[in-house]
Amino acid sequence: MTALPVITPTLVQRLSSTPRGARLARRLAVAQLDAWGFAHDSRTTEAVALVVAELAANAVTHGRVPGRDFELRLARESDGIRIEVSDTRSECHPPGPGHVTPPSPLAESGRGLLLVDALARHWEVVDREPPGKTVRAVVAAPAPFENVFDLAPNLHSGA
C-alpha cells in the first residue's frame with residue numbers, strides 16, 4: 001500500500017509594491033484563515049494578520065523596486081501558519097532574529113520587526129532567486145481540526 005502525499009494548503013499571491021498592495025495582503029491573509037476555519041477574532045488570525053501587515057509594509061517600503069511586485073505566501077502546517085513575504089530588492093536586508101534593536105521612544109517607525117519577533121514562533125530572512133529576499137515567519141496555531149464543528153449533531157443527541 002502506498003502512502004498518500006501530504007498536501008499543505010497554501011495561498012500564493014503577487015501584489016503591487018504599493019500601500020494598497022500591502023493592505024490587500026493583510027485582507028487576503030485574514031480571508032484565507034477564515035477559509036481554513038479560524039475565526040476573524042481568534043488569536044491566530046490576529047497574530048497572522050499583524051505579521052503579514054508588518055512584513056508587507058516592509059516589502060513595500062524597504063524592498064520596493066519600481067515595476068516589481070512582492071509575493072505573499074501562506075501555508076497551513078502542523079505546527080502553525082507559515083508566512084513568507086518576498087520582494088526583489090537584494091541589497092536591503094532587515095536585521096535577523098535577535099538583532100532587531102528598538103527605536104528611540106519618539107521614533108515614528110521601526111517597531112514592525114519587534115512585533116514579528118514577539119508574535120512569531122520563529123522567523124528568518126533568506127536570499128532568493130531571482131534576486132531578492134524572503135522574510136519567513138511561523139505563527140503558532142491550534143491543531144488543524146480543532147476548529148471543526150459536529151456535522152451531524154442529531155446522531156449523538158438521540159433526536
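The salt bridge (charged side-chain N to carboxylate O under 4.0 Å, His left out) check on Asp79 picks up Arg121, with sequence neighbours excluded. Every residue was checked against the side-chain hydrogen bond (donor to acceptor under 3.5 Å, both in side chains) condition with Asp69, not counting sequence neighbours, and none meets it. In this structure, the side chain to side chain contact (heavy atoms under 4.5 Å, CB included) partners of Glu46, at least two apart in sequence or on a different chain, are Asp41. For Ala49, the side chain to side chain contact (heavy atoms under 4.5 Å, CB included) partners at least two apart in sequence or on another chain are Arg26, Val30.
Within a 6.0 Å radius of CZ in Arg27, no more than 12 heavy atoms belonging to other residues, nucleotides or ligands are found. Sparse packing is recorded around CZ of Arg14, with 12 or fewer heavy atoms of other residues, nucleotides or ligands lying under 6.0 Å away.
Of all the heavy atoms in Ala59 and Val85, the pair that sits closest is CB-CG1, 3.8 Å. When every heavy atom of Ala29 is checked against every heavy atom of Val52, the shortest pair comes out as CB-CG2, 3.9 Å. The two atoms that bring Arg76 and Pro142 nearest to each other are NH2-O, 2.6 Å, heavy atoms only.
Residues Pro131 and Thr88 form no side-chain contact, since every pair of their non-hydrogen atoms from C-beta on lies 4.5 Å or further apart. Side-chain atoms of Thr10 and Leu74, non-hydrogen and from C-beta on, never get closer than 4.5 Å to each other. Side-chain contact between Thr45 and Asp34: absent, with no pair of heavy atoms (C-beta onward) separated by less than 4.5 Å.
Rounded to the nearest 0.5 angstrom, Thr44 OG1 and Trp36 CH2 are separated by 11.5 Å. Separating the CG atom in Asp117 from the CZ atom in Arg111 is a distance of 15.0 Å, to the nearest 0.5 Å. In this structure, Leu113 CG and Asn58 CG are separated by 5.0 Å, a value rounded to the nearest 0.5 Å.
Val125 and Leu114 end up in the same hydrophobic cluster when Ile, Leu, Val, Met, Phe, Trp and Tyr side chains are linked at under 4.5 Å.
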Show me, pair by pair, the donor-acceptor contacts under 3.5 angstrom made by side chains of residues 16-25, not counting sequence neighbours?
residue	atom	partner	partner atom	Å
Ser16	OG	Thr18	OG1	2.9
Ser17	OG	Arg68	O	2.9
Thr18	OG1	Arg20	N	3.4
Thr18	OG1	Gly21	N	3.1

Let me check something: any side-chain donor-acceptor pairs from residues 132-139 under 3.5 Å, sequence neighbours excluded? List them with distances.
residue	atom	partner	partner atom	Å
Lys133	NZ	Asp87	OD1	2.8
Lys133	NZ	Asp87	OD2	3.1
Lys133	NZ	Arg89	O	2.9
Lys133	NZ	Cys92	O	2.9
Thr134	OG1	Ser86	OG	2.6
Arg136	NE	Glu84	OE2	3.0
Arg136	NH1	Glu124	OE2	2.9

Could you check Leu55 against Trp123 for side chain to side chain contact (heavy atoms under 4.5 Å, CB included), going step by step and ending with a plain yes or no?
CA-CA 11 Å; Leu55 296 182; Trp123 67 282; 5.9 Å; no
